[in-house]
Amino acid sequence: MTVKDILDAIQSKDATSADFAALPLPESYRAITVHKDETEMFAGLQTRDKDPRKSIHLDEVPLPELGPGEALVAVMASSVNYNSVWTSIFEPLSTFGFLERYGRTSELAKRHDLPYHIIGSDLAGVVLRTGPGVNAWKPGDEVVAHCLSVELESSDGHNDTMLDPEQRIWGFETNFGGLAEIALVKSNQLMPKPDHLSWEEAAAPGLVNSTAYRQLVSRNGAGMKQGDNVLIWGASGGLGSYATQFALAGGANPICVVSSPQKAEICRSMGAEAIIDRNAEGYKFWKDENTQDPKEWKRFGKRIRELTGGEDIDIVFEHPGRETFGASVFVTRKGGTITTCASTSGYMHEYDNRYLWMSLKRIIGSHFANYREAWEANRLIAKGKIHPTLSKTYSLEDTGQAAYDVHRNLHQGKVGVLCLAPEEGLGVRDEEMRAKHIDAINRFRNV
Ligand SMILES: C/C=C/C(=O)SCCNC(=O)CCNC(=O)[C@H](O)C(C)(C)COP(=O)(O)OP(=O)(O)OC[C@H]1O[C@@H](n2cnc3c(N)ncnc32)[C@H](O)[C@@H]1OP(=O)(O)O
Ligand SMILES: NC(=O)C1=CN([C@@H]2O[C@H](COP(=O)(O)OP(=O)(O)OC[C@H]3O[C@@H](n4cnc5c(N)ncnc54)[C@H](OP(=O)(O)O)[C@@H]3O)[C@@H](O)[C@H]2O)C=CC1
């Protein structure tokens with residue numbers, strides 16, 4: 001039995017759930033990995049010079065054992081997220097530490113602590129097998145997976161699955177991720193695949209769409225409302241391309257920051273009007289490595305006021321971190337919110353706290369999304385209210401190049417990876433709905 005037989009079953013229109021359940025599973029499959037014995041390979045290099053093409057491998061790996069509450073999924077397509085870039089450059093720390101720590105928690109979790117890490121936190125595919133106790137999904141179901149892995153065993157409880165003490169990001173803090181021909185997930189990560197999208201389009205939004213939804217829309221994040229001025233850094237990037245859509249769809253006013261005329265054009269094509277090209281306008285928030293320049297914060301704020309008719313920012317959608325955080329705090333209006341989920345340019349932030357406390361601003365930390373938020377974000381995709389921002393698709397063999405492009409900021413929106421899918425465009429079930437949204441679905445492809 002090989003993965004080719006699985007693909008034949010997926011592509012056969014007549015295959016039933018019973019047919020999928022009867023398919024013998026292969027003993028091994030191809031997966032994108034990083035290797036534990038290479039974690040020092042970039043020692044001494046600057047972050048920018050660490051090249052994911054050197055650390056990312058395509059290996060034949062054994063099929064993991066299927067445990068209670070879990071599912072094995074044939075992955076048709078996945079996507080590259082920035083967390084896979086972090087894993088591949090072993091920053092801010094090696095993810096093998098996460099696997100080792102997880103492995104200590106239970107007999108079942110020990111499987112994850114291996115000398116290789118199968119990465120990837122998105123997938124669209126077909127359920128192959130479910131473990132004991134799984135009733136909601138069956139072999140043959142077409143699914144996407146969100147990347148929240150929780151144990152829900154903590155007796156003191158919580159009302160937000162992101163607060164679980166054993167909360168992990170699948171494919172980053174656990175093994176057997178989505179950049180592979182087969183993935184192992186907890187079955188409660190699964191959600192229905194949107195019918196009007198191809199495999200690679202369906203796989204692309206997952207992680208970033210859910211994260212942007214919590215960070216910007218959910219009451220656990222900024223709780224955006226109609227009319228809010230929302231400053232969106234990297235507005236055509238992975239997170240930003242969804243934040244921009246949420247702002248527009250929710251009646252807010254996105255102020256999109258980008259770094260090229262091409263990216264500005266993408267934001268315009270999504271419907272944004274207020275756009276700042278940070279390169280063209282030459283903002284330099286740091287005079288040197290240790291000194292910020294408040295004059296530059298003011299110049300940036302003045303430009304925002306020009307674009308908003310004199311108003312300041314209600315919500316900053318932050319993720320670049322050290323380089324921009326001082327400016328983000330400054331330009332926020334009295335009582336406004338800075339919501340942050342990352343620190344791409346450095347995690348030791350510096351800002352002038354007088355502008356925070358005197359103007360009663362709030363900083364909110366946000367991370368991925370709870371089950372409900374991930375579901376709501378996927379539902380908006382399925383209803384055609386929010387669209388994938390896929391710009392380019394790579395083969396599994398070229399995942400290293402895809403991660404390199406994301407690391408070097410050479411990409412737009414999201415980049416996809418074909419895993420089992422032999423070509424792009426497959427898996428669409430609702431052509432009529434697709435036709436209605438085709439321009440929006442293709443928006444990022446045409447740049
Ligand atoms: C969905 C996609 C998401 C993304 O893309 S996010 C971007 C990528 N992700 C990242 O960059 C984050 C990667 N993760 C990390 O960098 C680390 O993961 C953290 C910094 C978040 C945590 O660090 P750690 O070393 O894992 O654990 P500690 O919590 O710092 O624990 C160290 C020791 O400190 C103790 N400690 C923790 N809190 C307290 C406290 N409040 N008072 C006293 N001690 C504390 C602990 O117990 C422990 O101790 P003991 O070393 O002895 O075991
Ligand atoms: N906590 C969580 O749950 C999540 C965290 N993340 C993290 O968020 C970060 C961004 O992820 P994602 O959006 O997918 O990545 P992308 O690279 O797709 O997009 C980020 C965009 O941010 C802009 N940017 C990058 N560096 C800077 C800088 N120094 N100053 C200003 N703008 C900058 C760039 O846009 P431009 O050049 O046009 O300005 C870039 O395209 C990563 O660190 C990632 O790990 C991502 C998802 C979930």
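All ligand and atom numbering here is 1-based and tracks the order in the structure.
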Is there a heavy atom in N409 that sits closer than 4.0 Å to ligand 2?
yes
Considering distance alone, does some N or O of S345 sit under 3.5 Å from an N or O of ligand 2?
no
Among all the protein's non-hydrogen atoms, which is closest to atom 21 (C) of ligand 2, and how far away is it?
G234 CA, 3.7 Å
Can the ring centroids of F300 and F330 be said to lie less than 6.0 angstrom from one another?
no
Using the side chain to side chain donor-acceptor pair (under 3.5 Å) definition, which of the options T39, N175, T95 pairs with H117?
T95
Any N or O of H367 closer than 3.5 Å to N or O of ligand 2:
yes
Residues 248-256 side chain polar contacts: donor-acceptor under 3.5 Å, at least two apart:
unit_1, atom_1, unit_2, atom_2, d
N253, ND2, N229, OD1, 2.6

I'd like a table of the close N/O pairs between ligand 1 and the protein (anything under 3.5 Å), one pair per line with both atom names and the distance.
unit_1, atom_1, unit_2, atom_2, d
ligand 1, 26 (O), R101, NH1, 3.2
ligand 1, 26 (O), R101, NH2, 2.9

Judging by distance only, is a nitrogen or oxygen of C341 under 3.5 angstrom from one on ligand 2?
yes
Within the 3.5 Å criterion, strictly below it, is a donor on N188 or Y371 matched to an acceptor on the partner's side chain?
yes
Pairs of nitrogen or oxygen atoms closer than 3.5 Å, one from S343 and one from ligand 2: do any exist?
no
Residue and atom name of the nearest protein heavy atom (relative to atom 25 (C) of ligand 2), distance in Å to one decimal:
R278 NH2, 4.3 Å
Any nitrogen or oxygen of V406 lying under 3.5 Å from a nitrogen or oxygen in ligand 2? Just yes or no.
no
Give a yes-or-no answer on whether the side chains of S79 and K414 include a donor-acceptor pair shorter than 3.5 Å.
yes
Using a 4.0 Å heavy-atom cut-off, which part of P320 comes near ligand 2: side chain, backbone, both, or neither?
side chain
Closest approach of any protein heavy atom to atom 37 (O) of ligand 2, naming residue and atom:
S259 OG, 2.6 Å
Counting heavy atoms only, which part of H411 comes closer than 4.0 Å to ligand 2: side chain, backbone, both or neither?
side chain
Distance-only N or O hit between ligand 2 and W86, under 3.5 Å:
yes
Taking only heavy atoms of G238 into account, list the atoms of ligand 2 that are under 4.0 Å away from them.
13 (O), 14 (O), 16 (P), 18 (O), 19 (O)
